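Shown next, in structure tokens, is the structure this report addresses.
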Amino acid sequence: RSSCRRLGGGLVQAGDSLKVSCKTSGRAISNYHMGWFRQAPGKGREFVAGIRRSGDATYYADYVKGRFTISRLNSKNTVYLQMNNLKPEDTAVYSCAATSTASYSSYYNNDRTYVSWGKGTLVTVSS
């Protein structure tokens with residue numbers, strides 16, 4: 001059984017940076033494409049960023065493009081999300097997710113694509 005353990009999160013001020021990570025256990029992360037999603041209070045879950053299992057392609061939502069960077073270190077079974085220039089509207093619970101679908105380049109931003117989810121970590125950005 002695989003699981004994702006998230007590291008990071010917390011309270012920061014607008015303009016600050018924060019890096020969250022997600023370490024898998026039970027299965028090698030190299031077999032999976034990985035994504036980050038977030039859910040703000042009272043809102044639905046939305047795509048943030050995705051990365052192919054080889055790391056050769058990354059995908060971002062327009063609202064984080066240029067500010068967030070997704071990366072992975074397969075040797076440590078860990079995926080990261082570096083968040084810069086944080087804004088109050090980035091406040092949400094951030095969760096990592098894994099999928100092995102062959103159609104990842106077409107469906108990376110759809111949460112139904114992902115089959116395994118980590119426990120979320122709360123990121124709060126104060127103004």
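Along the sequence shown, residues are numbered consecutively beginning with 1. These numbers come from a predicted model, not from an experiment.
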Donor-acceptor check, side chain of [X] to backbone of [Y], threshold 3.5 angstrom: yes or no?
X: Asn77; Y: Ile29; answer: yes
X: Ser103; Y: Thr101; answer: no
X: Arg53; Y: Asn31; answer: yes

Starting from the C-alpha separation in whole Å, work towards a yes-or-no answer on side chain to side chain contact (heavy atoms under 4.5 Å, CB included) for Gln39 and Glu46.
CA-CA 6 Å; Gln39 187 165 15; Glu46 62 181 12; over 6 Å; no

Can you say whether the rings of Tyr114 and Phe37 are parallel (under 30°), tilted (30 to 60°) or perpendicular (over 60°)?
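Answer is perpendicular, since the angle exceeds 60°.
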
Same cluster for Tyr107 and Met34 if Ile/Leu/Val/Met/Phe/Trp/Tyr side chains link at under 4.5 Å?
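Looking at the clustering, Met34 is in a separate group from Tyr107.
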
Quick one: do Trp117 and Asp111 satisfy side chain to side chain contact (heavy atoms under 4.5 Å, CB included)? Show the steps, please.
CA-CA 10 Å; Trp117 290 81; Asp111 60 357; 3.8 Å; yes

From His33 NE2 over to Arg52 CZ, what is the distance, rounded to the nearest 0.5 angstrom?
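Result: 5.0 Å between the selected atoms.
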
Measure the OG-CG distance between Ser95 and Leu122 for me, rounded to the nearest 0.5 Å.
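Answer for the OG-CG pair, Ser95 versus Leu122, is 10.5 Å.
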
Using the rule given for side chain to side chain contact (heavy atoms under 4.5 Å, CB included), can you reason through Leu18 versus Val123, listing the C-alpha separation, both sets of side-chain angles and the distance that settles it, and then say yes or no?
CA-CA 9 Å; Leu18 187 68; Val123 174; 3.9 Å; yes

For Asn84 and Phe68, run side chain to side chain contact (heavy atoms under 4.5 Å, CB included): C-alpha distance rounded to whole Å, both residues' side-chain angles, the deciding distance at 0.1 Å, then the answer.
CA-CA 6 Å; Asn84 298 330; Phe68 289 14; 6.0 Å; no

Answer yes when Asp90 and Lys87 have at least one side-chain N-carboxylate O distance shorter than 4.0 Å, and no when they do not.
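No, no charged N to carboxylate O under 4.0 Å.
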
Pair Tyr59 and Phe47, ring centroids less than 6.0 Å apart:
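Aromatic pair excluded; centres sit 6.0 Å or further apart.
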
List the steps and the verdict of side chain to side chain donor-acceptor pair (under 3.5 Å) for Arg38 and Tyr94.
CA-CA 4 Å; Arg38 70 186 185 185; Tyr94 286 74; 3.0 Å; yes

